[in-house]
K.L.:
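Take a look at this one; I'll ask things after.
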Amino acid sequence: AQTVTQSQPEMSVQEAETVTLSCTYDTSESDYYLFWYKQPPSRQMILVIRQEAYKQQNATENRFSVNFQKAAKSFSLKISDSQLGDAAMYFCAYRGLRQGGSEKLVFGKGTKLTVNP
Amino acid sequence: DVKVTQSSRYLVKRTGEKVFLECVQDMDHENMFWYRQDPGLGLRLIYFSYDVKMKEKGDIPEGYSVSREKKERFSLILESASTNQTSMYLCASIPSQGGSYGYTFGSGTRLTVV
């Protein structure tokens with residue numbers, strides 16, 4: 001079974017600085033998708049960024065980027081120019097491929113990010 | 001704006017009650033999921049459904065059942081609520097083609113069983 005590990009239960013960053021959240025996963029599949037979700041105090045889960053395993057290029061969405069190391073099974077999230085609104089729980093998630101349908105998402109335990117003014 | 005709606009944001013129920021958590025999506029998605037979220041444990045899959053009247057157990061199905069009579073609605077049922085089912089419950093959906101689509105989540109139901 002696939003597993004996702006987030007080794008940092010809590011992180012903090014100064015406003016305008018850069019922070020990197022770690023995620024590793026375990027799988028025997030060669031094709032899959034990886035995601036980072038953000039959950040602010042409002043509880044609404046928001047998709048931050050996604051990565052297809054077959055793409056070597058790291059995904060980027062504005063201030064958010066990933067460092068995807070397929071061989072190492074590592075998928076870290078970098079937040080640049082951190083803002084107070086980035087404070088949230090961040091979840092790393094994995095989804096494999098299944099013929100004819102969608103596979104379930106497997107989540108890590110989350111990292112709570114605090115942004116200090 | 002596409003949406004997954006969970007009928008209750010907060011619920012308080014008594015031990016032994018039968019509890020229904022409702023989830024409705026307006027995106028015509030085939031796949032729907034129920035997760036449970038607990039501090040330090042992340043999100044754990046309870047049940048999912050890939051079609052009307054179809055369901056599959058997730059990682060922690062014990063004490064729960066589900067119903068999907070219509071494509072847009074996926075209900076989670078606690079047959080006899082217990083205090084260890086106090087938690088946040090999240091519903092999500094995704095189209096069958098999946099791919100790099102992320103889930104669309106509801107805003108969660110915080111259930112307290114007393």
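Treat the numbers as computed from the prediction; the structure is a model and nothing was measured. The basis for the numbers below is simple: all heavy atoms, side chains too, and nothing from hydrogens, waters or symmetry mates.
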K.L.:
Quick check: are there more than 12 heavy atoms from other residues, nucleotides or ligands sitting under 6.0 Å from NZ of A:Lys112?
P.N.:
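At most 12 heavy atoms, drawn from other residues, nucleotides or ligands, come within 6.0 Å of this atom.
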K.L.:
Has A:Lys70 got more than 12 heavy atoms of other residues, nucleotides or ligands less than 6.0 Å from its NZ?
P.N.:
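Yes, because the 6.0 Å sphere around NZ of A:Lys70 holds more than 12 heavy atoms from other groups.
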K.L.:
Is the shortest heavy-atom distance from the side chain of B:Ile94 to the side chain of A:Arg95 under 4.5 Å?
P.N.:
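Yes, at least one pair of side-chain atoms sits under 4.5 Å.
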K.L.:
Look at atom CG of A:Asn62 and say whether more than 12 heavy atoms of other residues, nucleotides or ligands are closer to it than 6.0 Å.
P.N.:
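No, because the 6.0 Å sphere around CG of A:Asn62 holds 12 heavy atoms or fewer from other groups.
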K.L.:
Tell me whether A:Met11 shares a hydrophobic cluster with A:Met89, the cluster being built from Ile, Leu, Val, Met, Phe, Trp, Tyr side chains joined at under 4.5 Å.
P.N.:
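No; tracing contacts between hydrophobic side chains, which count when under 4.5 Å, never links both residues.
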K.L.:
Given side chains that start at C-beta, do those of B:Gln37 and A:Arg43 come closer than 4.5 Å, heavy atoms only?
P.N.:
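Side-chain contact under 4.5 Å: no.
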K.L.:
A:Arg50 versus chain B, heavy atoms under 4.5 Å apart: side chain, backbone, both or neither?
P.N.:
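Contact with chain B involves the side chain of A:Arg50 alone.
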K.L.:
If two hydrophobic side chains count as joined below 4.5 Å and joins carry through other members, does B:Tyr47 share a cluster with B:Val24?
P.N.:
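As far as the 4.5 Å side-chain criterion goes, B:Val24 and B:Tyr47 are not connected within one cluster.
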K.L.:
For chain A, find which of B:Glu30, B:Arg110, B:Met88 contributes the most heavy-atom pairs closer than 4.5 angstrom.
P.N.:
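When all of B:Glu30, B:Arg110, B:Met88 are compared, B:Met88 has the most.
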K.L.:
Quick check: is B:Val52 connected to B:Leu76 through a chain of hydrophobic side chains (ILVMFWY, heavy atoms under 4.5 Å apart)?
P.N.:
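No, because B:Leu76 and B:Val52 fall into different hydrophobic clusters, even though each may have its own neighbours under 4.5 Å.
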K.L.:
Could you measure the distance from the OH atom of B:Tyr35 to the CE atom of A:Met45? Nearest 0.5 Å is fine.
P.N.:
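With rounding to 0.5 Å, OH (B:Tyr35) is 9.0 Å from CE (A:Met45).
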K.L.:
Under 3.5 Å, is there a donor-acceptor pair between the side chain of A:Gln44 and the main chain of B:Phe105?
P.N.:
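Confirmed, A:Gln44 side chain pairs with B:Phe105 backbone.
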K.L.:
Once rounded to the nearest 0.5 Å, what's the spacing between atom CG of B:Leu41 and atom CZ of A:Phe107?
P.N.:
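Result: 14.0 Å between the selected atoms.
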K.L.:
At a 4.5 Å cut-off on heavy atoms, which part of B:Leu43 comes close to chain A: side chain, backbone, both, or neither?
P.N.:
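Its backbone and side chain both get close to chain A.
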K.L.:
Hey, what do you get for CZ (B:Phe48) to NZ (A:Lys104), rounding to the nearest 0.5 Å?
P.N.:
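Between atom CZ of B:Phe48 and atom NZ of A:Lys104 there are 6.5 Å.
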K.L.:
Given that the side chain runs from C-beta out, which part of A:Tyr32 has a heavy atom under 4.5 Å from chain B: side chain, backbone, both or neither?
P.N.:
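The answer is neither part of A:Tyr32.
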K.L.:
Count I, L, V, M, F, W, Y as connected when their side-chain heavy atoms are under 4.5 Å apart, and connections chain through other members. Are A:Leu113 and A:Phe64 then in the same cluster?
P.N.:
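Same cluster: A:Leu113 reaches A:Phe64 through Ile, Leu, Val, Met, Phe, Trp or Tyr contacts under 4.5 Å.
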K.L.:
Taking atom NZ of A:Lys109 as the centre, does the number of heavy atoms from other residues, nucleotides or ligands within less than 6.0 Å exceed 12?
P.N.:
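Incorrect, the count does not exceed 12.
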K.L.:
I need the A:Leu105 CG to B:Asn31 CG distance, nearest 0.5 Å.
P.N.:
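Between atom CG of A:Leu105 and atom CG of B:Asn31 there are 11.0 Å.
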K.L.:
Report yes if the side chains of A:Phe35 and B:Tyr103 come closer than 4.5 Å at any heavy-atom pair, otherwise no.
P.N.:
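A side-chain contact is absent here, since even the closest heavy-atom pair is not under 4.5 Å.
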K.L.:
Give, as side chain, backbone, both or neither, the part of A:Gln39 having an atom under 4.5 angstrom from any heavy atom of chain B.
P.N.:
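The answer is the side chain of A:Gln39.
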K.L.:
Could you state whether B:Tyr64 and B:Leu45 fall into the same hydrophobic cluster, counting links through intermediate Ile, Leu, Val, Met, Phe, Trp or Tyr residues with side-chain heavy atoms under 4.5 angstrom apart?
P.N.:
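The answer is no; the residues belong to distinct hydrophobic clusters.
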K.L.:
In terms of heavy-atom proximity below 4.5 Å to chain A, should B:Arg44 be classed as side chain, backbone, both, or neither?
P.N.:
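Contact with chain A is absent: no heavy atom of B:Arg44 under 4.5 Å.
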